[in-house]
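Report on the structure given below.
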Amino acid sequence: MRIPRFAKLLVAFLVGVVLVQLLHACATGSQAAGKTRLTIATVNNGDMVVMQGLSSKFEQANPDIQLRWVVLEENVLRQRTTTDVASQGGQFDVLTIGSYETPIWARRDWLRPLDLPASYDVNDLIKPIREGLSNNGKLYAVPFYGESSMLYYRKDLFQKAGIKVPEQPTYPQLKEWASKVHDPANGVYGVCLRGKPGWGENMGFVSTLVNTFGGQWFDMKWQPTINTPAWKEAITFYVDLLNKYGPPGASSNGFNENLALFSTGKCGMWVDATVAAGLLSNPKESQVYDKLGFARAPIEKYPNGSNWIWAWALAVPKTSKSPEAAQRFVAWATSKEYIQLVADQNGWVAVPPGTRTSTYNNPNYQKAAPFASIVLRSIQSADITRPAAQPTPYKGIQYVDIPEFQAIGSSVGQTMAAALTNRLSVDKALQQSQSSTERFMKHTGYID
């Protein structure tokens with residue numbers, strides 16, 4: 001069947017109109033109905049859900065800006081945002097990234113340095129958190145919340161066992177206490193620790209354990225130091241402790257799983273992120289809110305690197321189509337005014353922790369958060385430049401600040417989980433981890 005010439009011309013005209021519209025949409029990108037549309041990639045945790053709920057306040061104060069949220073699980077978020085900025089895709093105007101990624105991405109020129117107004121009060125940001133989000137003295141992300149690690153324990157169980165906890169406990173003490181409060185017949189386990197494999201899961205905790213036992217990931221020549229006496233002592237302690245006094249299936253438990261166990265009364269102790277303190281203290285979310293004790297993260301031979309430091313932060317990628325508007329939102333969502341807004345809406349115990357000195361100086365927060373002083377001291381004592389007993393070529397306490405660490409840490413995490421479940425001996429796990437890390441470091445050119 002022949003198509004009349006006018007019909008062909010009409011089709012060509014309509015196709016042209018569509019193409020022009022598409023090109024115009026691409027050119028304007030982030031413009032929608034006369035407003036600047038900001039696309040925000042964020043993680044699906046509780047604090048970010050609160051931020052979304054309150055973001056209408058920002059839109060009311062900034063009627064020229066419309067927010068679009070892309071909420072993702074942590075691993076998916078990292079994959080999507082890394083792919084986008086590396087390929088210069090320009091999908092996002094604001095990124096939620098961590099202390100690990102920020103300086104690496106800044107060095108790769110993927111992020112815009114932030115130019116914040118004097119009213120933002122950058123110096124109010126807690127110094128170790130601020131420094132972890134900087135590169136060459138420039139701030140590339142601002143913290144939405146910050147954390148270190150600490151010991152949580154059940155005061156009722158410890159009182160019954162006659163245990164008094166100092167502010168700075170040791171790992172030998174922790175093992176002794178676990179033996180006294182371990183009561184599996186009544187559904188209470190002596191200690192809960194991360195066992196789920198992953199560079200940010202079990203290795204987040206295990207790295208701090210290795211640090212305080214005197215070990216490190218690499219020596220000053222980037223040679224892996226995994227198959228060493230310090231690592232063996234730390235991993236033997238870890239495996240023995242969890243197998244004797246931990247819950248069943250510990251190798252499947254990460255932060256969220258252990259939070260659920262502790263909040264329902266099934267753990268006598270837990271060493272993990274300080275951000276859990278507010279959740280565990282909330283009667284709506286915790287069955288043990290009135291039985292909580294807090295102490296610094298335990299140490300062994302060396303205090304260096306026994307407690308980690310981390311922040312979820314907001315950054316503006318170089319590919320943002322609306323960097324000025326994006327920076328306006330980033331400043332609002334991490335400001336003193338935002339913290340006050342959360343307090344007014346949800347109470348002081350719910351405000352984003354670990355970001356601003358002024359929060360910890362606030363009598364209202366101190367009253368609502370009995371853990372505040374320990375959290376602040378834990379964050380302030382964490383030094384990413386001195387994570388171990390011996391000098392290191394890297395920064396980072398529970399991670400190593402090189403792009404390759406995600407792959408290395410995840411691989412070693414799988415092997416440590418195999419040791420925890422007795423599929424590998426500790427010696428074999430260390431030997432395999434040492435060999436695989438050496439191969440990776442040779443392949444990437446760090447060592448010959």
Side-chain angles (χ1 to χ4, degrees), residues 30 38-43 51 77-78 81-148 308-339 352 354-359 379-380 382-387 392-406:
S30 58
L38 294 182
T39 301
I40 304 165
T42 194
V43 68
M51 179 171 67
L77 173 75
R78 286 196 168 101
T81 54
T82 303
T83 300
D84 184 63
V85 296
S87 64
Q88 297 187 347
Q91 293 183 54
F92 307 114
D93 298 291
V94 176
L95 306 174
T96 303
I97 62 176
S99 301
Y100 167 72
E101 294 95 343
T102 300
I104 295 174
W105 290 14
R107 290 195 294 268
R108 291 183 168 186
D109 199 30
W110 290 354
L111 303 176
R112 290 181 178 274
L114 298 176
D115 182 19
L116 299 163
S119 60
Y120 182 82
D121 195 1
V122 168
N123 290 329
D124 185 48
L125 298 176
I126 297 172
K127 186 177 179 181
I129 297 288
R130 186 177 74 238
E131 290 178 344
L133 299 172
S134 301
N135 185 59
N136 289 333
K138 293 182 179 179
L139 192 63
Y140 282 86
V142 280
F144 186 72
Y145 73 75
E147 66 181 31
S148 184
W308 69 61
I309 190 164
W310 180 259
W312 274 119
L314 301 178
V316 179
K318 275 288 187 75
T319 51
S320 171
K321 298 179 179 67
S322 305
E324 187 279 329
Q327 188 164 268
R328 217 190 308 170
F329 173 77
V330 163
W332 171 83
T334 60
S335 65
K336 295 178 184 178
E337 292 74 20
Y338 176 82
I339 289 174
T355 61
R356 288 185 171 272
T357 302
S358 56
T359 300
I379 292 173
Q380 289 175 331
D383 185 353
I384 63 172
T385 67
R386 295 175 58 248
T392 65
Y394 57 86
K395 295 178 182 178
I397 295 173
Q398 78 278 24
Y399 58 84
V400 176
D401 68 335
I402 58 173
E404 295 81 3
F405 182 71
Q406 291 190 57

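In this chain, numbering begins with 1 at the start of the sequence shown. All values below come from the heavy atoms of this structure, side chains included, with hydrogens, waters and symmetry mates left out. None of the values given here were measured: they were computed from a predicted structure.
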- Less than 4.5 Å apart, any side-chain heavy atom of Phe329 and any of Ile40? yes
- Message: As a quick check of understanding, evaluate side chain to side chain contact (heavy atoms under 4.5 Å, CB included) for Leu125 and Leu139, giving each step before the final call.
- Response: CA-CA 11 Å; Leu125 298 176; Leu139 192 63; 4.2 Å; yes
- Rounding to 0.5 Å, atoms CZ (Arg328) and CG (Leu116) come to a distance of 13.5 Å
- Query: Any side-chain heavy-atom pair from Met51 and Leu314 closer than 4.5 angstrom?
  - Reply: yes
- To the nearest 0.5 Å, atom OG of Ser320 lies from atom CG of Leu38 at 7.0 Å
- Look at the side chain of Gln398 and the backbone N and O of Ile309, then say whether any donor-acceptor pair between them is shorter than 3.5 Å. yes
- Task: Work out which heavy atom in Lys395 is nearest to a heavy atom in Thr385; give both atom names and the distance.
- Result: CE-CG2, 4.2 Å
- Minimum side-chain heavy-atom gap Glu131-Ile384 below 4.5 Å: no
- Task: Test Trp105 against every option in Trp110, Tyr100, Tyr140 by the ring pair (Phe, Tyr, Trp, His ring centres under 6.0 Å) rule and name the one that passes.
- Result: Trp110
- Message: Minimum heavy-atom separation for Pro143 and Thr334, please, with both atom names.
- Response: O-CG2, 3.4 Å
- Taking atom OG1 of Thr83 and atom CZ of Arg78, what is their separation to the nearest 0.5 Å? 13.5 Å
- Locate the shortest heavy-atom distance separating Thr355 from Gly146; write the atom from each residue and the value. CG2-N, 3.8 Å
- Heavy-atom pair with the smallest gap, counting every atom of Gly132 and Pro103: O-CD, 3.7 Å
- Query: Hey, are the side chains of Thr82 and Glu101 touching, using non-hydrogen atoms and a 4.5 Å cut-off?
  - Reply: no
- Minimal non-hydrogen separation, Pro323 against Arg112, with atom names: CB-NE, 3.4 Å
- Task: Answer yes or no: is there a side-chain heavy-atom contact under 4.5 Å between Tyr399 and Gln406?
- Result: no
- Query: Say you draw a straight line from NZ of Lys336 to CG of Asp124; how long is it, rounded to the nearest 0.5 Å?
  - Reply: 4.5 Å
- Criterion salt bridge (Lys or Arg N to Asp or Glu O under 4.0 Å) against Lys318, the qualifying member of Asp109, Asp84, Asp93: Asp109
- Message: I want to check something: taking the side chain as every heavy atom from C-beta on, are Val85 and Thr81 in contact at a cut-off of under 4.5 Å?
- Response: no
- Between Ile97 and Leu111, is a side chain to side chain contact (heavy atoms under 4.5 Å, CB included) present by the stated rule, with each step listed? CA-CA 11 Å; Ile97 62 176; Leu111 303 176; 3.8 Å; yes
- Message: Do Thr39 and Gln91 have side chains that approach each other closer than 4.5 Å (heavy atoms only, starting at C-beta)?
- Response: no
- Item | Backbone of Tyr338 reached by a side-chain donor or acceptor of Ser335 within 3.5 Å | yes
- Answer yes or no: is there a donor N or O on one side and an acceptor on the other, between the side chain of Gln327 and the main chain of Val316, under 3.5 Å? no
- Supply the atom-to-atom distance Asp383 CG to Ile397 CD1, rounded to the nearest 0.5 angstrom. 7.0 Å
- Task: Give the minimum heavy-atom separation between Ser99 and Trp310, together with the two atoms involved.
- Result: OG-C, 3.6 Å
- Query: Does Asp401 use its side chain to pair, donor to acceptor, with the backbone of Gly396 at less than 3.5 Å?
  - Reply: no
- Atom CH2 in Trp308, atom CD in Glu147: separation rounded to 0.5 Å? 6.5 Å
- Taking the side chain as every heavy atom from C-beta outward, state whether Leu114 and Val122 have any atom pair closer than 4.5 Å. no
